[in-house]
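To start, the structure itself, in structure tokens.
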Number of protein chains: 2
Amino acid sequence: MARAQTLSRNQQIVLDIIEKAKGPLKAYSILFNVQKKGINAPQQIYRALDKLIEMGKIHKIESKNAFVACRSSDCEISKATAFSICESCEMVDEISDAKLSKYISSFNHKKGMKFKRFNLEFFGLCKKCK
Amino acid sequence: MARAQTLSRNQQIVLDIIEKAKGPLKAYSILFNVQKKGINAPQQIYRALDKLIEMGKIHKIESKNAFVACRSSDCEISKATAFSICESCEMVDEISDAKLSKYISSFNHKKGMKFKRFNLEFFGLCKKCK
DNA sequence: ATAACAAACGTTATATTATAACACTATGAT
DNA sequence: ATCATAGTGTTATAATATAACGTTTGTTAT
Ligand SMILES: [Zn+2]
Ligand SMILES: [Zn+2]
Ligand SMILES: [Zn+2]
Ligand SMILES: [Zn+2]
């Protein structure tokens, strides 16, 4: 039987923190925030993060080595992710734009590569920082 | 006066290595490769990398923390980068597709953010690994 | 030419991000 | 029951990146 979508204790703790956060969180900042809950080692964080990413509950912002909760229910399990990132205040916003996503997904590389997944990161100044 | 496009000694050494490489290179692997040339410390590598990125001579593959030479003369100084990345053999190929780039560049986020730059990374299996 | 400035350099130390390895526990399937 | 899979806790270490400091080099202005 395929695993139920139930989260383990550590996974739930990590997800809660990321969901409550206003912006992207770094692994070690998550770690410091959960030491009161009995999680003491980076491994425990990274293992939870890996699974949460697999499940599509969170995403990694590659350019920042940081993690955000998935806000778009229709983001097909991290197969097509896009974010806008403010270079001033560090704000990150998940972009769910079906047209954009479809356009990029349908892009086919000349050299014969078939893509399974993409990640797009936009940089600029957010409304507040502009 | 704007700086000439001439590279310093260390910048040239680092760029040479990256250009000669078949695939993306990591900072410390570059370091190990240039120790015979008198470069001994990570700082020296990272400083050169930063400048080379600024100049648009190389790009950072964020999902791999690795660096590739820019192969497309018309890639507007790293304002719009796209790569295809093989999940099996680690090959990275810079995509220069004017239509794709234009489409993405013209994308405007609803929330009022104006973008200065984007980076897009595709993942899949290359022709050889497929 | 020389003073002034910016960019690059070399070096040591340290911070940050991520994984390896191992022993143990819980759960469910055959 | 035994087997497999997933999760846990822990210690140690690897890999990636930056801080801080003083020196040197190259350019520009006078
Ligand atoms: Zn999402
Ligand atoms: Zn902002
Ligand atoms: Zn390029
Ligand atoms: Zn391949």
Side-chain angles (χ1 to χ4, degrees), chain A residues 1-18 21 23-68 85 87 90 92 119 121, chain B residues 1-18 21 23-68 87 90 92 121:
Chain A
M1 207 55 207
R3 292 255 323 118
Q5 217 48 359
T6 161
L7 299 180
S8 77
R9 177 185 142 80
N10 288 0
Q11 288 160 12
Q12 190 64 62
I13 290 171
V14 170
L15 179 57
D16 285 348
I17 299 249
I18 296 177
L25 289 185
K26 303 222 160 202
Y28 276 75
S29 122
I30 296 169
L31 176 56
F32 298 140
N33 274 282
V34 297
Q35 296 200 313
K36 50 200 168 225
K37 298 217 164 119
I39 298 185
N40 307 298
Q43 268 290 11
Q44 298 173 282
I45 303 298
Y46 281 103
R47 283 199 286 231
L49 290 172
D50 287 347
K51 290 298 175 185
L52 291 168
I53 289 171
E54 259 182 52
M55 296 174 192
K57 302 274 189 194
I58 65 171
H59 303 297
K60 180 172 186 181
I61 307 301
E62 296 287 359
S63 60
K64 300 173 85 69
N65 299 315
F67 305 86
V68 296
I85 300 168
E87 286 176 313
E90 312 275 285
V92 168
N119 180 53
E121 300 185 2
Chain B
M1 210 54 207
R3 289 256 322 118
Q5 219 46 1
T6 162
L7 299 179
S8 78
R9 177 185 143 81
N10 288 359
Q11 288 160 11
Q12 190 64 61
I13 290 171
V14 169
L15 179 57
D16 284 348
I17 300 249
I18 297 176
L25 289 184
K26 304 222 160 205
Y28 276 76
S29 121
I30 296 170
L31 177 55
F32 298 141
N33 274 281
V34 298
Q35 297 200 314
K36 49 197 166 228
K37 298 218 164 118
I39 298 185
N40 308 296
Q43 268 288 10
Q44 298 173 281
I45 303 299
Y46 282 104
R47 282 198 288 230
L49 291 171
D50 287 347
K51 290 300 173 181
L52 291 169
I53 289 171
E54 259 182 52
M55 296 175 193
K57 302 273 191 195
I58 65 171
H59 302 298
K60 180 172 188 182
I61 308 300
E62 296 287 358
S63 60
K64 301 175 84 67
N65 299 317
F67 304 85
V68 295
E87 286 175 313
E90 312 274 287
V92 168
E121 299 184 2

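Values below: all heavy atoms of this structure, side chains included; hydrogens, waters and symmetry mates excluded. Just so we're on the same page: letters track the sequence lines, and every chain starts at 1.
- One interatomic measurement links the two molecules: NZ of A:Lys64 to P of D:dA17, which rounds to 15 Å at whole-angstrom precision.
- For B:Lys26, no side-chain nitrogen or oxygen approaches OP1 or OP2 of D:dA15 to under 4.0 Å.
- Looking at B:Gln43, its side chain comes within 3.5 Å of the base of D:dA19 through a donor and an acceptor atom.
- The side chain of B:Asn40 places no N or O atom within less than 4.0 Å of a non-bridging phosphate oxygen (OP1 or OP2) of C:dC9.
- The CD1 atom of B:Ile13 sits 12 Å away from the C1' atom of C:dC9 (whole-angstrom rounding).
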Task: Pair B:Gln12-B:Asp16, side chain to side chain donor-acceptor pair (under 3.5 Å): steps then yes or no - done: CA-CA 6 Å; B:Gln12 190 64 61; B:Asp16 284 348; 3.0 Å; yes
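- Phosphate proximity of D:dT16 to A:Asn65: absent, as no side-chain N or O sits under 4.0 Å from OP1 or OP2.
- Side-chain nitrogen and oxygen atoms of A:Asn10 include none within less than 4.0 Å of the OP1 or OP2 phosphate oxygen of D:dG7.
- No side-chain N or O of B:Asn33 forms a donor-acceptor pair with one of B:Gln35 less than 3.5 Å apart.
- If you measure from atom CG of A:Leu49 to atom P of C:dT19, you get 10 Å, rounded to the nearest angstrom.
- Taking only side-chain atoms of A:Ala41, from C-beta outward, the nucleotide of D:dT16, D:dT11, C:dT19 with the closest atom is D:dT11.
- Nucleotide C:dA8 holds its P atom 11 Å from the CG atom of B:Asp50, rounded to whole Å.
- Here the P atom of nucleotide D:dT25 and the CZ atom of B:Arg9 are 12 Å apart, to the nearest Å.
- Proximity note for A:Gln44 (side chain, C-beta onward) versus D:dG9, D:dA17, C:dA18: the nearest is D:dG9.
- Separating the CZ atom of B:Phe32 from the C1' atom of D:dT16 is a distance of 11 Å, rounded to the nearest angstrom.
- Distance from the side chain of A:Ser8 is smallest to D:dT8 among C:dA18, D:dT8, C:dG10.
- The stacking criteria are not both satisfied for A:Tyr28 over the base of C:dT16, which would need a centre-to-centre distance under 5.5 angstrom and an angle between ring planes under 30 degrees.
- A:Arg47 comes within 4.0 angstrom of a base, heavy atoms only.
- At the heavy-atom level, B:Lys60 lies under 4.0 Å from the strands shown only through sugar-phosphate atoms.
- Out of C:dT19, D:dG9, C:dT11, the shortest distance to the side chain of A:Pro42 is found at C:dT19.
- Counting heavy atoms from C-beta outward, B:Lys64 and B:Val92 have side chains that approach closer than 4.5 Å.
- Rounding to the nearest 0.5 angstrom, the gap separating the CD1 atom in B:Ile58 from the CE atom in B:Met55 is 10.0 Å.
- If you take OH of B:Tyr46 and C1' of D:dA15, they are 8 Å apart, rounded to a whole angstrom.
- Summarising the geometry, the separation between NZ on B:Lys51 and P on D:dT18 is reported as 14 Å, rounded to the nearest angstrom.
- In this structure, a donor-acceptor pair under 3.5 Å is present between the side chains of B:Glu121 and B:Ser63.
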